[in-house]
Chemist: 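I have a structure I would like to understand better, so I am pasting it below and will then ask my questions one at a time.
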Amino acid sequence: MSKPRVLVARKTFDDVVDRLRSHFEVEANGSDDGWSQDELIRRLQGKTGVYIAGGDKIDARLLDACPELKIVSTMAVGYNNIDVAACTARGVIVTNAPDVLTETTADFGFALMMATARRITESEHFLRRGEWKQWAVTMFAGADIHGATLGVLGMGRIGAAIARRGHLGFGMPVLYHNRSRLPADQEAPLGAQWVEKDELLRRADHLIIVVPYSASSHHLIGQRELRLMKKTATLTNIARGGVVDDAALAVELQAGTIAAAGLDVFEGEPTVHPALLDCENVVLTPHIASATIATRRAMSNLAVDNLIAALTGGVPPTALNPEVLKR
Ligand code: DGY
C-alpha cells in the first residue's frame with residue numbers, strides 16, 4: 001500500500017522532516033520563504049496532510065482546490081491564518097501547538113517588557129552612535145518593574161505564566177482582563193485580580209497584551225485605549241499584529257501619551273509601520289517570542305505528532321476541531 005503524502009510548507013529541522021519520512025511520502029520546502037497561495041495549492045495536489053507555520057494561509061479557496069487534504073497541522077499556537085470553520089465544514093482536522101511554548105514565550109514577554117521599561121535598546125543605540133560622553137543623573141532613567149502594577153490583557157496560558165513571573169519574581173500587583181474571569185483558586189497563586197478593560201488600562205504601569213487575534217480583537221488597543229493609560233506606562237504586544245492599531249500607537253508614542261512600547265508583532269508583518277521605526281521609545285523585535293531552539297523543536301515535533309496520529313488512525317493530541325474526528 002502506498003504511503004500517505006504530506007507537504008511540509010516551511011523549512012524546519014531535518015530530523016523533524018525525517019520523522020515524517022518514516023511514515024509518509026514527504027515533499028518539503030527547504031527554504032524559509034513561503035510559497036504563494038497558488039504554488040501551495042499546486043504542491044498540495046494528492047497530499048493528505050500539510051505542515052504549516054504562522055505565515056501560511058489556509059482558506060476555503062485552498063480547501064476546495066485540495067479535496068484530498070485531511071489534516072492541517074500548524075507548528076504555531078496561533079491559528080488566525082487558518083479558516084478553522086471552513087476546515088471543519090469539509091471534514092479537515094486542524095491542529096496547533098499549544099503548551100510547549102508557554103514558558104519560553106512568557107520569558108520573552110517579560111524580557112521585552114523589561115527592555116522597554118528600562119530603555120535598553122534606546123540606550124544601546126545611543127552608546128553605539130558614540131554619543132555617550134558623560135554620566136548623568138537622569139540619563140535613560142526608565143520605570144521600575146519590581147513593585148509596579150502589571151496589567152495582563154488576555155489571561156490564557158501565556159498570560160498566566162507572565163502573571164506568575166510578575167507576582168512571584170518581582171512582587172508586582174497583577175491586574176488582568178479576560179472575557180471570562182478565572183476561578184478564585186487559579187487567580188490566587190498568580191496574585192491576580194480581574195478588572196474591566198478600561199480599568200486595566202487606567203491602572204497598569206506595564207500592560208502586556210496576550211490575546212489571540214480574531215475579528216473581535218482587531219484594534220482592541222487604539223487611540224481611545226492608549227489615551228486611558230498613564231503617561232508613565234509601557235505597553236508590550238506579544239500577541240498578534242492587528243490587536244494594536246500600530247498607526248495610532250506611533251502617534252501616541254510620539255506625543256508622549258504613554259512612555260514606551262515593546263512590540264514583537266505587527267500589522268502586516270514583516271512590514272513594520274514606518275512611523276514606529278521613527279520612534280525612539282519603542283523596542284522592536286521580529287516575532288521571536290517563542291524562538292529558542294528547544295521550543296521551536298518542541299513546536300515542530302508536536303505538529304509532526306499531530307500529523308502522524310491523524311493519518312495513521314490515532315487521535316491527534318491537540319486538535320482544534322475534535323468534532324471532525326467523531327464523524
Ligand atoms: C505562535 O506560535 O503563534 C507564535 O506567535 C509563533 O508564530
Side-chain angles (χ1 to χ4, degrees), residues 8-13 16 29 31-35 40 50-59 71-84 87 93-113 115 152-162 178 208-218 220-221 235-244 246 261-272 283-307 316-321:
V8 177
R10 282 291 163 142
K11 182 180 168 128
T12 185
F13 303 94
V16 170
N29 186 353
S31 158
D32 289 319
D33 296 330
W35 289 311
L40 187 56
V50 64
Y51 170 113
I52 62 166
D56 304 311
K57 192 166 150 197
I58 303 292
D59 58 12
I71 170 169
V72 172
S73 175
T74 175
M75 57 81 72
V77 65
Y79 51 88
N80 53 300
N81 53 320
I82 305 172
D83 186 339
V84 179
C87 288
I93 304 163
V94 183
T95 63
N96 70 336
D99 299 320
V100 289
L101 79 179
T102 299
E103 298 300 328
T104 296
T105 304
D107 282 351
F108 186 88
F110 222 89
L112 186 57
M113 181 176 78
V152 180
L153 186 56
M155 192 63 105
R157 287 170 283 229
I158 296 169
I162 290 167
N178 214 34
I208 187 155
I209 301 166
V210 212
V211 288
Y213 181 78
S214 67
S216 61
S217 63
H218 181 73
L220 197 59
I221 302 292
L235 172 151
T236 299
N237 184 11
I238 58 165
R240 275 290 182 273
V243 174
V244 175
D246 285 349
L263 306 174
D264 185 49
V265 288
F266 304 89
E267 286 189 278
E269 62 184 51
T271 302
V272 175
V283 181
L284 307 167
T285 53
H287 202 148
I288 55 168
S290 65
T292 65
I293 295 293
T295 291
R296 286 285 163 86
R297 291 185 67 83
M299 294 162 74
S300 306
N301 274 307
L302 180 51
V304 166
D305 293 345
N306 277 310
L307 277 162
T318 53
L320 290 163
N321 53 358

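On a predicted model such as this, the values are computed, not experimentally measured, just so you know. In each ligand, atom 1 is the first atom listed, and ligand 1 is the first ligand listed.
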Chemist: Considering non-hydrogen atoms only, spot the tightest contact between Thr95 and Ala319 and give its length.
Modeler: CG2-CA, 3.8 Å
Chemist: Just one of Asp107, Ile288, Thr285 clears the side chain to side chain contact (heavy atoms under 4.5 Å, CB included) bar with Leu112, so which one?
Modeler: Thr285
Chemist: Could you pull out all residues at least two apart from Lys11 that satisfy salt bridge (Lys or Arg N to Asp or Glu O under 4.0 Å)?
Modeler: none
Chemist: Go ahead and list the nitrogen or oxygen contacts between ligand 1 and the protein that come in under 3.5 Å, distances to 0.1 Å, or just say none.
Modeler:
residue  : atom  : partner : partner atom : Å
ligand 1 : 2 (O) : Val77   : N            : 2.7
ligand 1 : 3 (O) : Val77   : N            : 3.4
ligand 1 : 3 (O) : Gly78   : N            : 2.8
ligand 1 : 3 (O) : Arg240  : NH2          : 2.7
ligand 1 : 5 (O) : Arg240  : NH1          : 2.8
ligand 1 : 5 (O) : His287  : NE2          : 2.7

Chemist: For Asp83, what residues pass the salt bridge (Lys or Arg N to Asp or Glu O under 4.0 Å) criterion, not counting sequence neighbours?
Modeler: none
Chemist: Applying salt bridge (Lys or Arg N to Asp or Glu O under 4.0 Å), which residue pairs with at least one partner in residues 287-296 are found, sequence neighbours left out?
Modeler: none
Chemist: Between Asn80, Val243, Leu153, which is the residue that forms a side chain to side chain contact (heavy atoms under 4.5 Å, CB included) with Ser217?
Modeler: Val243
